[in-house]
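These values consider heavy atoms only, across backbone and side chains, with no hydrogens, waters or symmetry-generated copies. This structure is a prediction, so every number in the text was calculated from the model and none was measured.
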Amino acid sequence: MAIFAKSNVPQFSVDVYQNEYLPEGGLEVNAVVTVTATGGGTIGSAVAAPHLYAPGEGPSAAVVLMVDCSGSMDHPPTKMRNARDATGAAIDTLRDGVHFAVVAGTHLAREVYPGDGRLAVAGPDTREQAKQALRKLSAGGGTAIGTWLRRADRLLASADVAIRHGILLTDGRNEHESPEDLRAALDACAGRFTCDARGVGTDWEVKEVTGIASALLGTADIVADPAGLAADFTRMMETAMGKEVADVSLRLWTPAGATVTFVKQVAPTVEELTGRRTEAGPRTGDYPLGSWGDESRDYHLCVAVPPAAVGREMLAARVSLVIPQPGGSVQSLGAQGLVRAVWTDDLAASTSINPQVAHYTGQAELAEVIQEGLDLRKVGDMDGATAKLGRAVQLASASGNADTAKLLAKVVDVVDAATGTVRLKTKVEEADEMTLETRSTKTVRVKK
């Protein structure tokens, strides 16, 4: 086995893609900002055995695994066994020195390991003790996910670490607390830790699971067959172990007269960030980007600018990356990009759409029409669902989003992808529909 080299803090860069030219009186500037972190630890399959780092060589981190142990996890009994095995596989993937805990979630939140409000420190002995404790997990009780998240928050807050992360597994709907209780828990936990959420089987609510991941800047997915949990949990933990910088924010400064219309992540998934802005000084706002390892993400910015005459130009926005610090100060990550506006009477220049902006505008619409189409299908509006899902097929085909196109083909019969002509299938497997809904926000990168 290879021993992994000591990880380094990644270096960040910002690249801006836009058509800066506006017609006389033009009022809106669009840009795609690519944020890239390089030179840190590896993420994904390369972290095949991250506990082979020497203690202290990886970034300081804490992880809490929240495992649904409600009564429905016993139907069939193999589901609970798969959940135990998956959690054990994730624990095996923990790097030495990482703080961790396991919480059993029902209508209560019970600490399975190590207990007493503590976090264990990963090593050969504690990993084995945790897996022994998992064998005692059994199904019974209700589901109150907000309670699990609040317990995870308390545990994670007890560790003086750089990265705080949760992994949450559920197989059912959040029936033992109100939606308001779950929302309050998410609001309380947002910005304190990130969380990946998984739904196993087909009896859970997609919007609940994706809403948890969205609020806590994590990923969401379906594991329709419980037998696939171990592989999925291993991949999730490998990715978590590759994170090296927490609480990164995209900082936008705009000049007098200019305002930010929206900010959204557009790759690797669509995620609305506009409403998450926190003010950071005159004409300056921060948008949370969560934790980073070696990776790259794209963001679509739209800035409203005051009208100007031909020949005028202005800096519409300045983009930078920061990490907020206690007391209101920030740590700059040294990366910056500029969004410009130039007014011209050259019709060809001012009407050209930047390829990156055009691509991601289509990807955002793709996510939106899939959700709308599935919602219409659920309420019996088959004509509306056909129109929306047909448009989704057209967009997926045009953008080369083959994965989404394959998922759509399990819900509709495609007559002509180029025109979006489809027929709804009369019989659709529930797992296929839920997979399409859960993964509807996944995008493909534009070739730059």
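With sequence neighbours left out, Ser440 forms a side-chain hydrogen bond (donor to acceptor under 3.5 Å, both in side chains) with Gln371.
Here the side chain of Ser158 pairs a donor or acceptor atom with the backbone of Leu155 at under 3.5 angstrom. Remark: side-chain polar atoms of Thr443 are paired, donor with acceptor, to backbone N or O of Pro268 under 3.5 angstrom. For the pair Arg445 (side chain) and Ser296 (backbone), a donor-acceptor distance under 3.5 Å is present. Checked by atom type and distance alone, the side chain of Trp148 pairs as donor or acceptor with a backbone atom of Thr106 at under 3.5 Å. Between the side chain of Arg251 and the backbone N or O of Val322, no donor-acceptor pair lies under 3.5 Å. The closest donor-acceptor contact from the side chain of Ser399 to the backbone of Leu395 lies under 3.5 Å. Looking only at distances, a side-chain donor or acceptor of Ser60 sits under 3.5 Å from a matching main-chain atom of Ala162. Side chain of Ser397 to backbone of Val393: no donor-acceptor contact under 3.5 angstrom is found. In this structure a side-chain-to-backbone donor-acceptor pair under 3.5 Å is present from His176 to Thr143. Not one N or O on the side chain of Arg154 forms a donor-acceptor pair closer than 3.5 Å with the backbone of Gly117.
Contact check on Glu313 versus Arg340 returns a salt bridge, with a Lys/Arg side-chain nitrogen under 4.0 Å from an Asp/Glu carboxylate oxygen. At a threshold of 4.0 Å, the pair Glu368-Lys388 does not count as salt-bridged, since none of the basic side-chain nitrogens sits closer than that to a carboxylate oxygen. Between Lys442 and Asp403, none of the side-chain N atoms (NZ, or NE/NH1/NH2) sits under 4.0 Å from a carboxylate O, so this pair counts as no salt bridge. Using a 4.0 Å cut-off between charged nitrogen and carboxylate oxygen, Lys410 and Glu429 do not count as a salt-bridge pair. Under a 4.0 Å N-O distance rule, the pair Lys378/Glu437 qualifies as a salt bridge. Salt-bridge annotation for Asp153 and Arg150: absent, with no side-chain N of the basic residue lying under 4.0 Å from a carboxylate O of the acidic one.
Side-chain contact between Asp413 and Lys425 is present, with at least one heavy-atom pair separated by less than 4.5 Å. Counting heavy atoms from C-beta on, the side chains of Glu205 and Asn174 never come closer than 4.5 Å. Contact check for Leu333 versus Ile323: side-chain heavy atoms found under the 4.5 Å cut-off. Side-chain contact between Asn30 and Asn354 is absent, with no heavy atoms from C-beta onward closer than 4.5 Å. Residues Leu169 and Val200 are in side-chain contact: their nearest non-hydrogen atoms beyond the backbone lie under 4.5 Å apart. A 4.5 Å side-chain heavy-atom check between Thr38 and Ser13 finds every atom pair outside the cut-off. Side-chain contact check for Val422 versus Thr386: some heavy-atom pair is nearer than 4.5 Å. When side chains are defined from C-beta on, Val209 does not count as touching Thr438, because their heavy atoms never get closer than 4.5 Å.
Looking at Asp298 and Tyr360, their side chains do bring a donor and an acceptor atom within 3.5 Å of each other. With hydrogens and angles left out, the side-chain atoms of Thr278 and Asp286 include no donor and acceptor closer than 3.5 Å. Residues Glu271 and Ser214 bring a donor and an acceptor atom of their side chains to less than 3.5 Å of each other. Side-chain contact, Glu272 with Thr274: a donor N or O sits under 3.5 Å from an acceptor N or O. Using modelled atom types and a 3.5 Å distance limit, the side chains of Tyr287 and Arg276 yield no donor-acceptor pair.
Remark: of the listed residues Leu149, Leu217, Ile163, Leu149 is the sole one forming a side chain to side chain contact (heavy atoms under 4.5 Å, CB included) with Phe193.
The minimum heavy-atom distance between Arg377 and Met382, with the atom names listed, is O-CE, 3.9 Å. Shortest non-hydrogen contact noted between Gly172 and Asp68 is N-OD2, 4.0 Å. Taking each heavy atom of Trp204 and Asp221 in turn, the nearest pair found is CH2-O, 4.3 Å.
Between Glu177 atom CD and Leu182 atom CG the span is 5.5 Å, to the nearest 0.5 Å. Separation of atoms NZ (Lys406) and OG1 (Thr435) is listed at 14.0 Å; rounding is to 0.5 Å. Annotation: the span from Ile145 atom CD1 to Glu175 atom CD amounts to 10.0 Å, rounded to 0.5 Å.
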Worked verdict on Met237 versus Leu65 for side-chain contact (heavy atoms from CB on, under 4.5 Å) = CA-CA 10 Å; Met237 189 62 83; Leu65 296 111; 4.1 Å; yes

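In this pair, Phe262 and His300 present their aromatic rings perpendicular. The plane angle is above 60°, beyond the 30 to 60° band.
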